[in-house]
Amino acid sequence: MDIRLEAIRHAYGDTEVLQDISLAIPAGRIVCLVGPSGCGKSTLLRFIGGLERPMEGRVLQIGAPPEGCLNPLTFVFQDFALLPWRTVQGNISLVLEDHGIRGKRARAIIDDVLARTRLSDFASALPKQLSGGMKQRVAIARALAVNPAVMLMDEPLSALDSQTRELLMDDLITLWTRQPFTSVYVTHNLAEAVRLGHRIVVLSRRPGRICEVVEIEKPLAERLYADPDLDEVQRHLWEMMRDEARAAEEELIDV
Amino acid sequence: MSDTTAATERPASDGPAMEVRFRGGGFAPQSRRWVGVAVFVALVALVEWGTRAGWISPLTLPRPSDVFGTFVELWNSGLLFKHLGPSLSRLAVGAALGASAGVLLGVLIGLFSYVRAGLVPLVAAIFPIPKIALLPLFVIWFGIDEGSKYALIAFGTFTPTVVATYGAVDNVDRSLIRMGQSFGLSWLSIVRKIVLPGAMPGILSGLRISLAIAIILLVAAEMLGAEYGIGAYILQAGSLYDLERLFAGVVILSLLGVIVSAAIAQIERRVLGWRT
Ligand SMILES: Nc1ncnc2c1ncn2[C@@H]1O[C@H](COP(=O)(O)OP(=O)(O)OP(=O)(O)O)[C@@H](O)[C@H]1O
Ligand SMILES: [Mg+2]
């Protein structure tokens, strides 16, 4: 299933947030959205996931979601959004219960996704007992449980320390390599973008417009920590973003 | 000798070494159960001593040992349970009615803008009415028997429960609700599995206040048409200026309050174990 954005424009009151965004998200690839603070990345992601409606333009799903897909457009949030009163497996079964998946079938799915995120030993732990990285792995496991066609990730690693971030990036790459998923991945962090993105979309400062789309051909599994090729791309992205980011920063100070 | 060791251990900069002053304590409630008991015992002992020594006249305060005597007498004659039974049933029925109606309406106010717009001003208007003043009205509406007593207690617990409940619903983390929507959960599932558990801490702390108010209103409810009941017992003793019996009754109400509060603490421990 592909996603296509057509001429999206949006404003909150008088502030124009997004202008003329047209973008294709091909199946099986990770598209990274980068851009300065407040340029409308999260807003765009909410449009793609159907949590909000743009003032103009359309978000299109092209093709049917694959067989067995319970929730085609699935979010992974920056703040994890786990229910603190449910255990790890309870948090995952939450999203299965509404599809009538209970008992043995639910058990099988939960065991599978916990194994894939290396959380099998923590099935009955409460979120308060887990570290930030583990919480985000639970959130990823929950997203995998509904077998999504597209994963919408809003800065999923921003709340974590840099070591945990590296580890989780490796986890994501392993997950993708084993079974390619489609994803829109919002981040501030250019290193994350060049590590995980097949396609990197650079947005300008508010009102957000697409500045450039960079394709990285190198397969995810071959991208290593401090890879010189990636550094080159990252430098190029930073050159492009620096002025925008500075201007956005000053704009915020003016307010 | 002490000089030499000091010299070897002394860091690069010299001058007197001082341990860093600890200033991180406090502001973290810890359970110190015996302190409450000690304060209580000390107070009773003081009054006992005062009344025996004579610097508290028996007209100001009854002697604690006499109050205790009255209490034992109440117990032995079986009268205690004759008073306690009706009071507890009034409390249970009235508080259960008021609290459940309050939680229900509070949740509805929290969920539906129209209900909120329509009822929040109404609740604000009836909250400050002293419910005792409405007792004659309740007697006309629900009869002089149990009906009016249930109604008074129910009405008194209802308003604080409503206010606490819709506040609690408002405070449920919106990002969790967003999460529920993003996974395509039905409206009912979101309410049942996200909103209600999320509002539980606020609802329970509201219940603490509501139930205390129910106990306060018990005395008022038994002002009219009650032969037996702790409230009736206290009012009788009061009208006769029988301070020993008055205090014995008051002590029973206090104990009731302590028990209710401990029960809620127990429920909180069990239901809200997930809180950090
Ligand atoms: N519900 C809303 N109502 C009004 N303004 C909003 C709302 N949501 C976002 N905005 C504004 O829209 C702009 C874009 O917000 P958005 O959260 O999409 O930016 P972002 O690119 O995700 O920023 P960040 O990098 O800080 O996460 C911001 O200026 C924000 O203040
Ligand atoms: Mg954002």
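Predicted model, so just to flag it, every value in this text is computed and none were measured. Chain naming here is simple, since letters A, B, ... match the order of the sequence lines and numbering starts at 1 in each.
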task = Go through the atoms of A/L73 and report whether side chain, backbone, both or neither lie under 4.5 Å from a heavy atom of chain B.
result = backbone
inquiry  = Assess, by modelled atom type and distance only, whether the side chains of B/S175 and B/D173 contain a donor and an acceptor separated by less than 3.5 Å.
reply    = yes
request  = Let me know if A/R86 has heavy atoms under 4.5 Å from chain B in its side chain, its backbone, both or neither.
outcome  = side chain
inquiry  = With a 4.5 angstrom heavy-atom cut-off, is it the side chain or the backbone of A/Q78 that approaches chain B, or both, or neither?
reply    = neither
Atom CZ of A/R102: over 12 foreign heavy atoms under 6.0 Å = yes
inquiry  = Which atoms of A/L82 are under 4.5 Å from chain B, going by heavy atoms: the side chain, the backbone, both sets, or neither?
reply    = backbone
query = Tell me, side chain or backbone of B/R178 under 4.5 Å from chain A's heavy atoms, or both, or neither?
reply = both
key: A/L51, part contacting chain B, at a heavy-atom distance under 4.5 Å   = both
inquiry  = In terms of relative ring orientation, are B/F142 and B/F138 parallel, tilted or perpendicular, with 30° and 60° separating the classes?
reply    = tilted
ask   = Considering only heavy atoms, which portion of A/V146 lies under 4.5 Å from any heavy atom of chain B: side chain, backbone, both, or neither?
value = side chain
ask   = At a heavy-atom separation under 4.5 Å, does B/L188 approach chain A through its side chain, its backbone, both, or neither?
value = neither
ask   = When the aromatic ring centroids of A/F77 and A/F75 are compared, is their separation below 6.0 Å?
value = yes
request  = Show your reasoning for whether side chain to side chain donor-acceptor pair (under 3.5 Å) applies to B/E222 and B/S87.
outcome  = CA-CA 9 Å; B/E222 291 175 350; B/S87 283; 2.9 Å; yes
message = Taking atom CZ as the centre, does B/R270 end up with more than 12 heavy-atom neighbours from other residues, nucleotides or ligands that are less than 6.0 angstrom away?
response = no
